Structure formats: C-alpha cells, structure tokens
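Predicted model only: the values in this text are computed from it and were never measured. Each chain gets a letter, A, B and so on, in the order its sequence line appears, and its residues count up from 1. Heavy-atom basis, side chains included; hydrogens, waters and symmetry copies ignored.
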Protein chains: 2
Amino acid sequence: MPVERPRRRIPEATVARLPVYLRILIEQANEEVESISSDGLAELAGVNAAKVRKDLSYLGSYGTRGVGYEVAFLVYQIRRELGLTHDWPVVIVGAGNLGQALAGYGGFGQRGFPVAGVVDIDPSKVGSVIAGVRVRHIDDLDQIVQTRHVNIGVVATPPSAAQDAADRLTRAGVTSILNFAPVVLAVPNGISVRKVDLAVELQILSYYEQRRMGVGLQAIGSSDSGRGASA
Amino acid sequence: MPVERPRRRIPEATVARLPVYLRILIEQANEEVESISSDGLAELAGVNAAKVRKDLSYLGSYGTRGVGYEVAFLVYQIRRELGLTHDWPVVIVGAGNLGQALAGYGGFGQRGFPVAGVVDIDPSKVGSVIAGVRVRHIDDLDQIVQTRHVNIGVVATPPSAAQDAADRLTRAGVTSILNFAPVVLAVPNGISVRKVDLAVELQILSYYEQRRMGVGLQAIGSSDSGRGASA
DNA sequence: AGGCATTCGTGCGCGCGTTCACAAAGTCCG
DNA sequence: CGGACTTTGTGAACGCGCGCACGAATGCCT
Ligand SMILES: NC(=O)c1ccc[n+]([C@@H]2O[C@H](COP(=O)([O-])OP(=O)(O)OC[C@H]3O[C@@H](n4cnc5c(N)ncnc54)[C@H](O)[C@@H]3O)[C@@H](O)[C@H]2O)c1
Ligand SMILES: NC(=O)c1ccc[n+]([C@@H]2O[C@H](COP(=O)([O-])OP(=O)(O)OC[C@H]3O[C@@H](n4cnc5c(N)ncnc54)[C@H](O)[C@@H]3O)[C@@H](O)[C@H]2O)c1
C-alpha cells in the first residue's frame with residue numbers, strides 16, 4: 001500500500017464522475033463482487049471504457065492487466081481521493097419545504113455528510129424538530145459552524161434571501177456552499193459553490209423536447225459532468 | 001419580427017446557460033430595465049461577456065451595437081428557443097419526502113412546468129392531497145400522461161425503484177426524465193435524461209475541501225454547465 | 001454632419017476532455 | 001512452461017468550448 005500520493009491535479013470532469021463510480025463500486029462490493037473491469041464499470045456507469053480507465057489512472061495504477069480492478073481497493077482509493085475518509089458535517093440554512101426534506105433525508109448521513117444543524121430566520125420555525133434535529137435560529141450559525149467544524153453549507157432559502165445566507169455562511173467560516181436557490185451567488189475568492197437548479201434542468205429538457213417536435217427524431221447529446229444522458 | 005428561424009444547433013453548454021440568462025432578464029424586466037449590455041448580463045450571470053454574446057448570437061442577431069439588447073425581446077427569444085412559449089406539464093413519480101416537496105413547490109408552475117399529477121405505488125400514499133394535487137396510483141400513469149399530454153417525468157422514488165419508474169414513464173410515452181434517484185437509468189434511444197444527485201454534488205465539494213487542507217489555499221476551477229462557480 | 005464612444009458579432013488560437021488504438025503486462029490453461 | 005487471451009495504461013488525434021481581440025455597426029454629442 002503506497003504511503004503518500006503525489007497529489008496530481010484531477011480534471012473537474014473526472015472529479016464529477018468519481019462519485020458515480022464510487023456508488024456503483026460500493027453496490028458491487030455489497031453483492032460480493034471482488035473484481036471489476038473497466039468495461040464492466042463503464043457499462044454500469046453509462047460511460048466509455050477508456051474514460052473509466054483514464055479517470056482511474058489519476059488515482060494511480062491500481063488495476064491488474066488481464067483481470068481488472070479490485071473493487072474494495074478501488075472503493076478505498078476513490079474515497080481517499082474525494083476526501084471521504086472522514087465525515088463532513090453540513091449545515092442547512094432555511095427550514096422550509098426543501099430544507100425539511102433535505103434534513104429528513106437519511107441518505108446524507110449515510111454517505112458521510114451528517115446534518116450538523118438546520119437554521120432559519122423565522123422565529124416560528126425555530127425550535128421545531130425535523131428528523132431528530134432541532135431547528136435553531138440563524139444567529140446560532142457561527143456557533144454551530146465552529147463547534148461542529150462545519151465546512152459545507154446548504155442554502156435552501158427563498159431566492160431573495162440566498163445571498164444573505166451565503167454571506168452569513170462564509171462569514172461563519174464555511175468554505176463550500178451547495179445552493180438550491182435560483183440565483184447566482186457572489187462569494188469571496190477560494191469559496192466553492194455548486195448549484196442545483198431544478199428549473200434550469202427542466203428548461204434544458206424543454207429545449208430538447210421542443211426540438212424533437214420541430215425536426216424529426218434526433219439523438220440528444222449527452223451532457224457534461226455526466227449530468228445528462230441518453231441511451 | 002422574423003417569421004421563421006433556421007434552427008441551427010445550439011451547443012449543450014449554451015443551452016444550459018440560456019435558462020440562467022432568462023431568469024436574470026425576467027428580473028431585470030420586472031425592475032423596468034429596458035436594455036442590457038452583454039457586459040451587464042455577464043456580470044449578473046457570473047460569466048464572461050464574450051460568452052454571453054456568443055450564446056445570444058445563436059438565437060440570431062438581436063442586439064444593437066453601441067446599446068445592448070432589448071430585455072423584453074431577448075426574454076421572448078430565449079423563451080421561444082427553449083420551447084417555453086407553452087407549458088410543459090410534468091408528472092412526479094414517488095410521493096415521498098422529496099416528491100412532496102417538489103409537488104408543493106410553486107416555482108415549477110410559475111416557470112411553465114405545472115404538476116399534472118403525482119403517482120405512487122404505496123396504497124397508503126394514494127389519495128392524500130399535496131398542495132391541491134391528489135396522489136394517484138402508479139397504474140394511472142398512462143392515463144395521466146395521455147390525457148394531460150405530459151412529456152416530462154420526474155423520478156423521486158427510492159433508488160431500487162427508479163429504473164422501474166423510468167420504464168413505466170417511457171412506456172407511458174414520456175420522452176424526458178428528470179431523475180433524483182442516485183442511479184444510472186437505462187432508457188431507450190431518443191429519451192432525454194438529466195439527473196440531480198445531491199450526494200455527488202457534496203462529494204465534489206468534499207474533494208476540493210480536502211484539497212484545500214492538503215495544499216495551501218488554491219483557486220477552484222468553476223465547473224461545467226455553469227453548475228459550479230467561485231468568485 | 002462629423003467624429004467619438006460604445007457595444008455587438010465573430011474569427012481565431014488555445015486548452016481541455018473524449019475517444020481510439022495499441023503496446024505492455026499479467027492471467028489462465030493445456 | 002509457453003502461448004493465447006484478456007485487460008490495463010497511455011500516447012495521439014480529434015473536437016468542442018472558451019476567451020481574446022478586433023472590425024463593424026450604431027448612438028450620441030458637439
Ligand atoms: N421546494 C422545492 O421543491 C424546491 C424546488 C426547487 C427549488 N427550490 C428552491 O429552494 C429554496 C427553498 O425552497 P422552499 O420551498 O423550501 O422555500 P420555503 O419558503 O418553504 O422555505 C424557505 C425557508 O427559508 C427561511 N428563510 C428566509 N430567509 C432566510 C434567511 N435570510 N436566513 C435563513 N432562513 C431564511 C424561511 O423562513 C423559510 O423557512 C428556494 O430558493 C426555492 O426556489 C425549492
Ligand atoms: N429527500 C431528499 O432530500 C433527497 C435528497 C437527495 C436524494 N433523494 C433521492 O430522491 C429519491 C426519493 O427520496 P425520498 O426521500 O422522497 O424517499 P421516500 O422513501 O420518502 O419516498 C419514495 C416514495 O416512492 C414511492 N415508491 C416506491 N417504489 C415506487 C415505484 N415503483 N413506483 C412509484 N412509487 C414508488 C414510495 O412509496 C415512497 O412514497 C430517493 O432516490 C433519494 O435517494 C432524496
């Protein structure tokens with residue numbers, strides 16, 4: 001087992017696919033599969049086999065020619081590369097419709113992202129309990145972030161309050177934000193932001209739907225980051 | 001006003017940005033802004049000005065040199081290009097935690113994606129009412145899709161049932177799917193699939209968080225499809 | 001009317017990511 | 001033990017999207 005890796009830079013596109021491989025590999029491990037080929041993994045992930053090999057090669061040469069990859073070891077390596085060897089507690093800002101669904105969703109904790117806290121600005125929301133987590137006032141954000149060592153914040157407020165939520169998060173020391181509000185957030189340098197915008201997704205689908213109507217049936221290009229696909 | 005457009009192919013990356021421009025332009029229109037420059041729009045969208053101009057040029061030459069773009073007209077053009085001149089009713093499969101949050105969210109209807117129906121396989125869920133929509137049994141899916149002319153389906157079932165849900169949707173005639181379950185869906189040719197995987201998003205953030213720890217503070221590349229950003 | 005400032009539209013080069021194709025490496029079996 | 005077979009790892013070609021840079025068009029001011 002190698003002691004220290006050289007930490008080469010991994011392309012963004014690859015980083016976005018590693019979690020998909022990881023999920024599939026964990027499933028395979030649960031089904032007692034011990035080894036998998038790039039072809040096999042590619043099929044399950046819905047991507048090209050060469051892409052799989054190149055992606056995995058960024059982690060090092062952990063395959064065995066003529067055989068494939070040892071599932072358990074690959075799981076370990078990807079986990080390590082993605083920084084999933086320890087938990088990343090998250091704090092959710094906004095305990096509305098969506099915030100409650102997120103907080104109540106067990107999948108996050110299972111995957112290493114326990115909900116360290118849920119905060120809201122509305123006094124009537126504060127104090128209520130969602131899936132065992134008590135909603136606290138947004139003024140407690142700093143304290144939650146510091147005592148629970150939170151690096152990742154989730155913005156689930158109305159669009160008008162999203163920038164304020166992001167400001168409070170970064171001020172509290174959070175360095176990564178997952179934004180569900182349909183607004184472009186301005187954040188200081190060095191802060192990572194990813195957004196999930198359902199309306200945008202639907203509108204992209206709408207574009208291809210409309211196109212399908214206009215011209216005769218036509219193949220839809222698969223989208224970047226492995227986000228879209230058509231088979 | 002041009003009568004018919006030549007229907008050139010629009011790059012995927014551009015299609016993914018048009019909804020963002022659209023949202024911003026609608027906001028500007030609401031604030032009585034009549035005209036906007038590519039620079040102004042670029043700033044609000046957090047992208048390069050040349051990119052904005054190139055993106056908009058796919059719609060046609062609708063800008064005025066020395067002035068900018070007429071907001072209202074641009075809204076109309078983007079709407080038209082994205083196929084948002086009429087509503088696209090959607091059907092939600094899975095009335096759980098997430099499905100209820102989605103159905104209860106008014107933002108979809110406002111943006112032209114009214115919820116035509118919510119279906120579930122669990123008899124105890126069937127009949128309950130979410131935000132005015134009655135949950136129906138999944139066996140009614142075909143009927144809903146046909147009578148309401150649904151083209152877009154949303155999968156909000158547990159991962160184990162997601163493929164089944166997708167199969168039922170395509171069999172019912174749906175040609176676009178938005179998938180929230182963390183699985184790779186297999187669908188027939190010509191069906192568009194986009195996925196929203198929160199665990200993947202968090203794991204990508206985790207990667208950069210971990211990296212930030214290892215090496216000294218470092219700029220995070222903005223991600224594809226305009227999904228990530230850092231400022 | 002003319003000149004100046006502004007902003008669009010786009011040709012072009014560059015860098016990144018995808019894919020092909022193949023040699024190297026290792027397995028498996030007779 | 002050797003040869004056939006399998007599968008990896010990666011060099012190289014390709015294509016796409018990004019951003020610069022600049023000509024062209026238009027408005028505005030004197
Ligand atoms: N619910 C969905 O299915 C869904 C789907 C797509 C997008 N979204 C987006 O997610 C966001 C949340 O949606 P929702 O349906 O949960 O809205 P919601 O109105 O139900 O909840 C928003 C919550 O944020 C709280 N809040 C407001 N300002 C705040 C502030 N400054 N700081 C902290 N908390 C604050 C409110 O008190 C409220 O509890 C919105 O931006 C929405 O556009 C939601
Ligand atoms: N809740 C969240 O915040 C969240 C976050 C990320 C991802 N997800 C994903 O979204 C999906 C739904 O999550 P959830 O929390 O709503 O789960 P849930 O268990 O609360 O709801 C799932 C619903 O789907 C129904 N269902 C099961 N099999 C079905 C079938 N074959 N056809 C139709 N309906 C069926 C169930 O009866 C249930 O009502 C899951 O795949 C989950 O991983 C949810």
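- Contact annotation: B:Y69 reaches the phosphate of C:dG9 (side-chain N/O to OP1 or OP2, under 4.0 Å).
- Comparing the local axis fitted to the first five base pairs of the helix from C:dA1-D:dT30 to C:dG30-D:dC1 with the one fitted to its last five gives a bend of 10°, rounded to 10°.
- In this entry the distance linking CZ of B:F73 with P of C:dC8 reads 15 Å, nearest Å.
- The separation between A:E12 atom CD and C:dC16 atom C1' is 12 Å, rounded to whole Å.
- The only option from B:L22, B:L84, B:D55, B:I26 that meets the side-chain contact (heavy atoms from CB on, under 4.5 Å) definition with B:I78 turns out to be B:L22.
- Applying the 4.0 Å criterion to OP1 and OP2 of D:dT8, one finds that A:S38 has a side-chain N or O inside that range.
- Taking atom CG of A:L56 as the reference point, atom P of D:dG9 lies 8 Å away to the nearest angstrom.
- Distances shown here put a side-chain N or O of A:N48 below 4.0 Å from the OP1 or OP2 atom of C:dC20.
- Rounded to a whole Å, the CG atom of A:D55 is 16 Å from the P atom of C:dC16.
- Counted by atom type alone, A:Y207 and A:R211 present one or more donor-acceptor pairs between their side chains at under 3.5 Å.
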Might you work through the side-chain contact (heavy atoms from CB on, under 4.5 Å) test for A:E27 and A:L44, ending with a clear yes or no? CA-CA 11 Å; A:E27 264 168 34; A:L44 293 173; over 6 Å; no
What one-letter contact string describes nucleotides 21-30 of chain C from 5' to 3', where B marks a base within less than 4.0 Å of any protein heavy atom, S marks contact via sugar-phosphate atoms alone, and - marks no contact? B--BBSS---
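- No side-chain donor-acceptor contact under 3.5 Å links A:R53 to the backbone of A:S38.
- Atom-to-atom, CD of B:E70 to P of C:dC8 comes out at 14 Å; the value is rounded to the nearest Å.
- Residue pairs that meet the side chain to side chain donor-acceptor pair (under 3.5 Å) test with at least one member in residues 171-187 of chain A, sequence neighbours left out, are A:T175-B:E209, A:S176-B:E209.
- Summarising the geometry, the separation between CD1 on A:I36 and C1' on D:dT6 is reported as 16 Å, rounded to the nearest angstrom.
- Residues A:R194 and B:L205 form a side-chain contact, since some pair of their non-hydrogen atoms from C-beta on lies under 4.5 Å apart.
- Rounded to whole angstrom, the span from the CG atom of B:L59 across to the P atom of C:dG9 amounts to 10 Å.
- One interatomic measurement links the two molecules: NZ of B:K51 to P of C:dT7, which rounds to 21 Å at whole-angstrom precision.
- The environment of CD in A:E34 is sparse: at most 12 heavy-atom neighbours from other residues, nucleotides or ligands sit within 6.0 Å.
- In the interface, the side chain of B:K54 is paired with the base of D:dG19 through a donor and an acceptor atom under 3.5 Å apart.
- Residues B:Q210 and A:L82 fail the side-chain proximity criterion, which asks for heavy atoms closer than 4.5 Å.
- You'll find the side chain of A:V115 stays beyond 4.5 Å of the side chain of A:L102, heavy atoms only.
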